[in-house]
Every structure is written in structure tokens, then in C-alpha cells.
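Accompanying notes for the structure given below.
Lettering of chains follows the sequences in order, A, B, ..., and the numbering in each one begins at 1. Keep in mind that what you see is a predicted model, and the values were worked out from it rather than measured.
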Amino acid sequence: MTAPEPMVVVRGVDRTYGSGPAAVHALRDVSFSVAPGELVALVGRSGSGKTTLLNVVGGLDRPDAGTVHVAGTEVTALDEPGLVRLRRDVVGYVFQTFGLVPVLSAAENVGVPLRLRGLPVADREHRVRLLLELVGLAGHAGQRPGEMSGGQQQRVAIARALAGSPRLLIADEPTGQLDSETGLAVMALIRAVVEAEGMTAVVSTHDPVMMALADRTIRVADGRSAGA
Amino acid sequence: MLFFLARRARTQAGLLTAVLAVLLLGATLLGTCALLLTTGQDRAQHAALQRTPAERLSAEVRLTDLGDDPAGATDAAAAVLRDALAPLPTSTSTWATSPVRDLPADPAGTRRLGYLADIDDLGTQAELTGGRWPTGSTGRTPREAVVPATTASRLGLALGDQLTLGPDLEPTDPGDTAPVTVVVVGTFTPRSGPTGSWSRDLLGGTGFTPQYDYGVFSRIQLPAYGPFVLAPGSLLGAGGGVDRVSLVAAPDVTGASPADLTDVRAGIAAARPALREALAGSDTASRFDARLPGTLDTIATQQAVTGSGVLVVALVGLALAGSALGLAARLSAGRRAGELALLTARGARRGRLVAQAVLEATLLALLAGAAAVPLSLLLFDALVRLPRLADAGLSGAAAVNPPLVLTVAAGVLVFSAVLVLPALRPDPAPGRASTRGAVVRSGADLLLLALAVLGWLQLHGRPGTAATGADPLLTTAPVLFLLAGAVLALRALPLLARVAERVARRSRRLVVPLAAWEVARRPQATGVAFLLVLATAAATFGLAFTSTWRSSQADQADALAGTALSVAAPGAAPLTQGAAVVAATGGTVSPVAVQPVSLGSVVRTGDGGSISLLAVDTAQAATLLRGRTPAGTSWAGLTADLAPAGGAGDGLRLAGPADLTVTGRSDRGVLTVRPTLLVTDAVGAQVPLTATPVPLDGQPHGLTLATDDGTAAALTRGLTVVGAAFTLELVDPDGIDAESAAQAAVTLTLTVPGAAVVGRPGWSAGEPAGDVQVLTGTSAGVTAGPDGAVLSVGADLTLGRLLLADGQLVTTAAPAPAVLPVLVSADLAEAAGAEPGDLLAVTVGTTPVRAEVTGVVPHVPSLPAAPGLLADYPTLAAALTAAGRTRPLTTGWWVADPADPAGAVSRLAAAGLPGAVTAEALTGELRDGPLRVGLLATVALLVGGAGALALAGTALHVVAALQERSVEVARLQGLGVSRRALAGSLLLEHATVTAVAVALGGAVGALAAWLLAPLMTVSADGGRPVPDPLPRWPWPTEGLLLGGVLLGCAAVAVPVAAALGRRAVATHLRLGGS
């Protein structure tokens, strides 16, 4: 029985910002792969290149060299419409600072990916309800981000990221703005969702407690990866 | 603190530049308004004075009872005049007139009168037509004199002839008793002087009148000739022999400054007591009149109207700039919220943060203020170069003045306070921000509405009197209305939000709902919405007000002019004037009569207006009469019943020059008859032609006809004899008993060779009503023969009554109307209690006529502000003739549809008919005169300023949205939303707010214009205009404005929306919004 094709394959990725003496080499020859269903933690200090790497994997940034494959598609070769489809249909993103639209309620934020797919209203509202229940916020559907705690906002962000049933979940420091107890709960939620939905997750963190919940850890330091 | 501000300014250069731009716009707007109110008004006053006819600037002193030192009294009066008009350079014209004296009788023994004159600037007042001007000293005999050419012609005087004027007929001084012998050294014709000088002459410059009213009760009418103008100073220096002196001073206002005019006002106010003091100790009576103060008052009143308009623009501009800055302040506060939180967390006290805000605002205000002063000068210069303003004489570079500096300083001070406000507000409570805004939540918008309604009610109910100084009601009412409307419009936003929420909830997609949510839930939309509503409302109101105002000026001009072109009828050559008017204008001509009238005992109405009767040829009313009529009516319809009798144009139509004869017979008494024929020319003007008396001896006597000025009448083809008045007199009253009832049968036959009979053969005949009835059994008729037409009249005359009164037999071709149909102006109808169908006892001049009211009109054409009656000219002529009045009736000519009105005015002047007025020229003066055209500049400033501030505010709002939502946009892209969808959502959001705000603003502006523009439109004297203004909405211009605002806002938003999507997603995600 052959091993399943990796969900994520990163080969020789370089990314530099700026030029000349002030150039910042955010990524240098980074290579790794992630198997389907795996929860991988990208660990490293602040400024090590974790966010850049996640952006490259998710198609939000283009590397200067190297290739990235997600679910068998070469992301680095996609044009803008292709990237939009990737982000909409394949990848679910959880941003570092929650990333909720401040004027939308929790339910409306969660519904954004479903609207992108043009789901009928009833189906959309049903799915939103399920997702909010999944993350334990069924009673907060009408609240706006400004009316919720950090942990609640992050759980809404997770629900939104899951709304489109992505195959790959990318979470950039999902617990970075939270206290340890809340962060642990959020991480546990991600773990549970990954296992329950069978999706692949790449999560960046610099918290050792979070690393323990991951299947594998890839260290990123000075733009280089180790442990891939 | 300065270091921090400088560093922050470097990183937020774009935001601060936008704030500075709005500050500069607002301050420049205010500064320009200050210049319009100061330099602009001064120039308008100067230009208006330059265009004012000299007679409206002059001052006059009239002296009578001069005693034996007329020169001394004249010098004293001249000194008072000079002092009154100082410091303006002044030219003075002195005109001395002697009492009337006897001239040698004519060959028939008819007594004749003449008089002397002393005119110190005769060379300016008259044109020498022969000989030379007189010279000589007082004592020389005979004295050299020049006479009007008419006088010389009628008296048969040639150069070198001598003539003796007898002693003063009512001498009061020794100098008046001696006869004066003059030698004619020259002849002249009067010029139309700038100050109407020849109105000071006893004969008005005509040189002759056949009927000069002479005697204690002015009941004796004798022919009079003159003036015999002596060398300057001859009459005054003679010590006596002067009946009156007139001094007219014409100041030169070319270089007059406002301070000079103030001094002149004070000097004029002190002139009357100074004159009394100067003449104290003599019996000289004096009268002082000065028209300059009234002219200056009229100018000031008109300037007050324009000034009110400028103040409106300034206040609205202040509100617009304030709201734009308020928006900018909120946006920058939002931008700096994180920085503020950090500083507060680091221990910065509130007072320090406020001081920081004040310092920054002050620095911005100083920069804006310094730049606004020269920019205001530039903008003012550009405004006064607009074609209409330049043509009015307002162009020219302006200089910095204290009001400009103070206004800009005050403006930037207010604006900087607006910028500081967010720093003074307490931190907003957690939770959802309301989209309604603080003003709406507090209910202050309802208070504004109440004030606006109160202002409207006061404006609506104020009397139509002239204003002095800027009218506070005119200034505040529109500002309150616009502000209230704009704030109230914000109450529509929650409704819009509810609709948007519903759309979002029911939609399957993201783009429209996302835009709907942003519109419904972002409080910043309220700020930009208010700015757009107010700016659009102000601009649309400004355009609609301009349209209403200009339309009203045209209506007022039409009402004032009454017709397209009108010209007064001079006394000379009445038989050919009509043809001359036709030739000069190429239009349809109507003779016009304007006569003072009284109704019973009503001579003036309650507001002091004297009553006038206007008579025109109502058959041409459709094209001739101008002025707005009540809805559904026309002048043709309103005047349809004014000419019921018909018969206009009936009579004896002349085929050419003819020798008319009269043959009279009486079976008793020795009688003479003085015929007066009434003829009409080709355009229907009635002219009386008088003849010398002829005896009733059964023999035909040729008639030598003359017009009222004594000129021989040249009968030409096209003239029509429409009536005649035969005045019978006893040659020898001896043997006639006044009580006797003996009657004489009188027949008179007027033969008009070559004439054709037009109309019915039976003419009306009768004796005008009077105290004594002399004639009975009157009859008249015409017959046509191969040699011409014959008019035969007959009557039975009671001889004895001829001793008590003249027997006047009047006959007319048209039937004498039983009553004179008239239209009555509304104010006269109200004063007299007259309604259609009522009969009125009207006295036209001194002739009583019965009139019937056929209708009531808002005003009589050309008499918009005066009570009046309108009648049909031929019908009036027939009615007056039947009442025994045979004096000239025509006072002017009205022309419908003249070709090239401006050229027609020149051609009429060349033809001896100066002073023609066109409705077109009046409209131009009312709309674009130097005192009125300033409103154009203020509206241009309002529309431009509102548009610029609206775009600036929109740009601020959109750019702030770009910065605020850049991370949000990046995250939405991260979720799979395309750039195109995001740009579309932002544009849709912006377009919704803009479209709704512009629509609401247009509605508010339209409502304000409909309610306020007619009330704000005043007449030239600041009072209520006639007719009432109607609100006008210039659809094409308003459409362009609204479209322009929408396009302008789109032009700002589209590049921003496009840029938003193009920005690197990763950069924003990486930076997390910092």
C-alpha cells in the first residue's frame, strides 16, 4: 500500500523582503511536507519566518524561489483567480489577531466563506449554527467581536475557517493573544476538529505546551526549517 | 511635545495634508466672503455711482423773492452748495429768470409775453445755431441776447433785430419797472442736459407756448416766448429784475471714496440750516433739494440685499467646513486610537493629550490662515473677472484689509476648535457605536427644525419695506433651514440601515451584503453623509435661488417696463412721431396715455401712492403688454372688454394735404366758432389741431391748423379726422340778456377735400356736461362726395347762456362710450372697495369720466408698485372728447417686438425721441447691475465651495477607510474573497452612501428653494417685488450639479477601491494592521 500523497509539499522556498543591505531573508531554502490528517506545529521565535511560511503555503504570498504544493496543486504556479479558489475551497485560515470583521456578528463572520460558495440562506444559517455549537458559542451568534473575549473571538475565527470544509487548516499563532488556559482550550479544539474532520492542519506557535498537542514539530529559525 | 508632533506629522503626512486642505478651503471661503462684503461692495457702489444719471446726484437751491441783491443771495447759496458737497469736485450751473414782461403785440393785436434769463453755462446747456453768444456789461443798452431758434422763428427775429420787453407786469422792485431793450446776437437750440436743466426754464426749453397760464389765478392764457438770454451775470448784476434763481450742483463722484460720501451726506444734512443762516436778514425764500442722499440710500439698500447673500454663503461655508473638519477630526482620532491607548497606558495624562491636540490644531490653523489670505485675494480676483461681474465694473486686484485678516483668523480659530473636540470627548462607552450621531440622538435636529420654521414664518410675514443694513432674517433663515434639513436627513439613515440589513440577511452572496453591513453599521458613514447632504443642499439651493432671483428680476422688469420698448412723447411734431417710432423700431407701435386720476375723493391710496390711468391700444394687448398675469389668463383676455364700442379708426381719412374749410350759420346773434379737430395718425395716436376762430357768416373759411405747441399742422395722407370740438363765442354780447331763453339755430359744416368716409355716417354729437347747458338738439353726420367728405353738425344755442359759458359742441366718429371700461389694480380695488361691475367716478386730470370695473389685475403694466387703472386708448380718447377735453392725450409710445431693441433706442434718440427704455435693458440692469451682480459671485462661491468641501470630505473618508480596513481586506482575501469582489463591495458601499446623501441633499435644497427663495428675492429697493417671485428649478443645471457631485465622489472612490485590493496581502497580514 503506497503512502498517501502529502497534503503540503514545500521545496526549496526562499522569500526575501527589501533589497540591498536592508534586505530581510525571511525564508531560506525551506523544505518540508505534511501528510494528510497531520497536525504540524511550526515553532520558532518571533520574527523567525513562521507567518511568512504560512502565507506562502496558503497562497497569500509568493516565494522568490522554490515550489509549494497543496492538495496536489502547485500553489506557486497559480494565478490570482486560482489562488482565490484555493483559499476559498481548499484552505481555511485562522489569522494571528483573530481577523474577524468588526461590524459583523459572530454568525455573520462564520457565514462569510459560505456566502462565497453561494449557499442557500437556510443551508448557510444551519451550517453556521452547527459550527458555532461546535466551538461552544451557540449563544453568542449575535454578538460582534468587540463584545466578545479574545478566546471567544478566536473560536469564532476557527469556526469561520472550518465553514468551508477546508482540507488544509492554517492557523497563525492562534493562541498568541490568549492566556494559557484559553490558549490550551483553543488548541485542544483544533486538535479535536482535525481528528474529527480528518483535515490537515499547520499551526504556527512558539508555546511549548501547544507543541505537545501536535503530531510533529517543524522548527523555523532565521528563515530555515529543521525537523521537516 | 513639538518633537513628537513633528515625528508624527512625518508618518501621517497624508492625513494632515488632507486636514490642512480642508482648513485652507474653509478659511479661503470665509476670506473671500469678507472681500466680497468689503472691497466688492465698495466697488459696486463706485460702479453704481458711475452709472447713475447726473440728475440723481445733483443738489439744487431755488431762490425766490430776491429783492434788490439777487447776486449776493446767489453767491451765498452757491457757497452753501459748495460746502455741502465738499470734498467732491463740483460744477455748478446758475440760472436766473426774470419775471414775465410784455412783448410788443402781434399784428392782430394779440398780447404776447416774454422773459429774460441769465445762464452762466449756456454754452453747455445749448447749441449755437446762428450768430454768437452774448457779451456785454450790465449797464449797456441795448443788451445783447440770444434766443431759442423757435422764438426767433415765431417772432420773425433776425440777427441784429432789437426788441423791447416791457416793465415787469407785477413789479416788486424798482429794477422791475424799467423796460429792457435787447438786440438779438444769436440763436440756439437747447441740449438735453445731464441734470435736466431746461426743466428750470419757464417754457421747458421749447421757446414758445401758445397758452402760458398768466395772472393771479393763472386763468389768463397768452402766448409766451423766450428766454431772452443775456450775457452771464448781466441779469444778476443788475440789482433787481430777477424773479427766481436756480443753482444746480453736480458733484463728480469718479474718485469718491466711502469716506468722502459719508462727508457729503453730513454736508447735505447741514445744508438747509446753513442756507437759512446765509440768507438771514433778507426776504429771499429758498428751497434746497439734494438727490444724492436718496441715491446713496437706494444703493445701500441694494447692497444690503447682496450683503445678506454673502453672509448666507459665509455661514453655510462655515458649517460645511466645520462638518468636513469634524469628519477629519473623527477619522484621525480613529486612526490614532491605538496610539492614544498606548500613551494613556504609558501614563500620559488627559490634559497633556488635550494640549497636544491644541498645539497641533493651532499650528495647522496658523499655516492655513497664512495661506488663506493670499488665496482669498486670488479667488476674489478670479470671481470678479467672471464676465458679468467684469462687465459691471467690479474687476480689479484686491488688497489685504483688516476685515479679511480678522475673518480668516476667526474662521481658523473656530475650525481649530472643531479639530480639538475629539480630544475633549470622553472615551466612548463599550458596545456598538450608533449610526444616528449625537445631534440626532440629542434631538437638537428638531430644535433646529423649530428655529427654521420660525425663521420661515417671520420671513413670510414681514412687510415689504426696504431694509437698511444686512437683514438678519434674510441671513439666518436659509442657513437654519439647510442645517436643519441636513441634520434631519440623517434620521433617514437608520431606515436605510434597516433596509440594508434586510438585504444582507436575505442574500446568498457576499459583495452586496458586505457593503450593506458597512453602510448600516459604521458610524463614520454618518459624518460623510451629513457633509454630502449639507453640501448638496447648499449647492442646489444656491442654484435654484439664483434661477428664482433672475427670473423674478425679469418679471419685475416686465412689470416695470410694461412693454418691450417705451419712449416718452416730446411735445414737438406730434403728427409725425408715430411714424418716426415705427421707422426707428420696426415693431408694432401703440400710442400710450398715462394720466393722473382720482376716484371720487380718493386721490391717493392708503400707502401714499397716487393713482394713474394707463391707456394703450388694447387690440394689440397680446403682444404689447408685458408682465405676469394670474394663472390661466393673458393680457389679451383680461383687456378683451375694454374696447366695447368699436369704431376705432372711423372718421374722415385724408388723402393728402388738403385745405379744410368751415362754413357756419346762425339765425340769430353774431357768433364765431373756434374749431379743434381731433386727428389720429397711422398708429392711432390722437392729436388735437386748433384753428383760429372763424365767423358764422355762411361763408366758407379756410382753417389754418396748428398743433398744441403752435406749429402749423402739416396734414398728410393717412391722417384721419376722428372728431371735432366747435367752441362757439359771442362776438358782440351787447343786447344779449343772460336770462334770455332766446335760441339760435347753428349749423356748422367742415369740408375736407379728398377725404374718404370710413365707418358709419352718423357721428355722435353733444355738449360736454357742465354747470351751464348752452346747446340742445345737437346732431352730426358725414356725407361723402366727389370732392371729399363733409361733416355737418347742428345745435340749438341759448344765446344768453353764452354770456356764462362757452358753447362747445363735440362730435366724434366713434360712439361716445356711456362708461369707460377699466381694469383696476388689486391694491386700488382694495382701497376703493371696487369689484367687477362697479361704477367709478373717475377724474382724469380735471375731466370727470364714468368708469366701469371690468376686472381686477395684480398690477397695471408699468405701474407695478402704484395703484392704477388700465383702459383702451381709443375708448379713453372718445370718452374724454365727449367730456369736452381736447388737450393732447398721448404721453408716450409703446412698441411690441422691436427689432434690435438696443439699436432702436439709439435710432429713436437720433429721431428726437431720447430716453427710450427697453424691458431687455431693465432686466439687464436688475440682474447684472453692479449692485445686483454680486449675488452671482456669492452663488458661484457657494456652489464651488460646497463641491470642493464635499469632495475633500469624501476623499478623507475614503482614504481613512482604506487605511482602517486594509488589514480587514487582506484577511477577507485570505478567506478567498477576490480583489474584484472587495473593490466592488467598497464601491457599492460608498456609492450607496453618496447616492442617498446626494438625493437627500437635493431634496433638502429643493425644499429650501421652494419655501425660501421667493421670500428672499427682493426688489431693487429691498421691498417685496411685484409680481411675487415664483420658485424656479433649473433642471439641466441641477442635474449637472448632482451628476457632478456623484461623479466627483466616484472619481475619488474608484482609485482608492482599486488600490485597496492591489496592496500586498501578506504585508498587511504580517504587520497585523500596524
So, do A:Arg115 and B:Ser507 sit near enough that their side-chain heavy atoms are less than 4.5 Å apart? yes
Of all heavy-atom pairs between B:Arg509 and A:Gly118, which one has the smallest distance, and what is that distance? NH1-CA, 3.6 Å
Applying side chain to side chain donor-acceptor pair (under 3.5 Å), can you list everything that pairs with B:Glu501, at least two apart in sequence or on another chain? B:Arg521
Would you please go through residues 72-80 of chain A and name the residues with a non-hydrogen atom below 4.5 Å from one of chain B, in numerical order? A:Glu80
Heavy-atom closest pair (B:Trp517 atom, A:Glu108 atom, distance to 0.1 Å) is NE1-OE2, 3.4 Å
How long is the span from the OH atom in A:Tyr93 to the CG atom in B:Leu972, to the nearest 0.5 Å? 14.0 Å
Checking heavy atoms, do the side chain of B:Arg980, its backbone, both or neither come under 4.5 Å from chain A? neither
Could you give me the CA-CA distance, side-chain angles and deciding distance for A:Val121 and B:Arg506, then say whether side chain to side chain contact (heavy atoms under 4.5 Å, CB included) is met? CA-CA 7 Å; A:Val121 174; B:Arg506 292 181 180 176; 5.6 Å; no
Short question: side chain of A:Arg87, backbone of B:Gln973 - any donor-acceptor pair under 3.5 Å? yes
CZ (A:Arg88) with more than 12 external heavy atoms under 6.0 Å: yes
A:Leu104 versus chain B, the contacting section by heavy-atom distance below 4.5 Å: both
Quick one: which of A:Val103, A:Val84, A:Leu83 has the most heavy-atom pairs under 4.5 Å with chain B, could you say? A:Val103
Determine the option with the most heavy-atom pairs under 4.5 angstrom with chain B, choosing from A:Gly92, A:Pro120, A:Pro113. A:Pro120
Taking side chain as everything from C-beta outward and backbone as N, CA, C, O, which of these in A:Arg117 sits under 4.5 Å from a heavy atom of chain B? Side chain, backbone, both or neither. backbone
Hey, does the side chain of B:Arg508 reach the backbone of A:Arg124 with a donor-acceptor pair shorter than 3.5 angstrom? no
To the nearest 0.5 Å, what is the distance between CG (A:Leu116) and OG (B:Ser978)? 8.5 Å
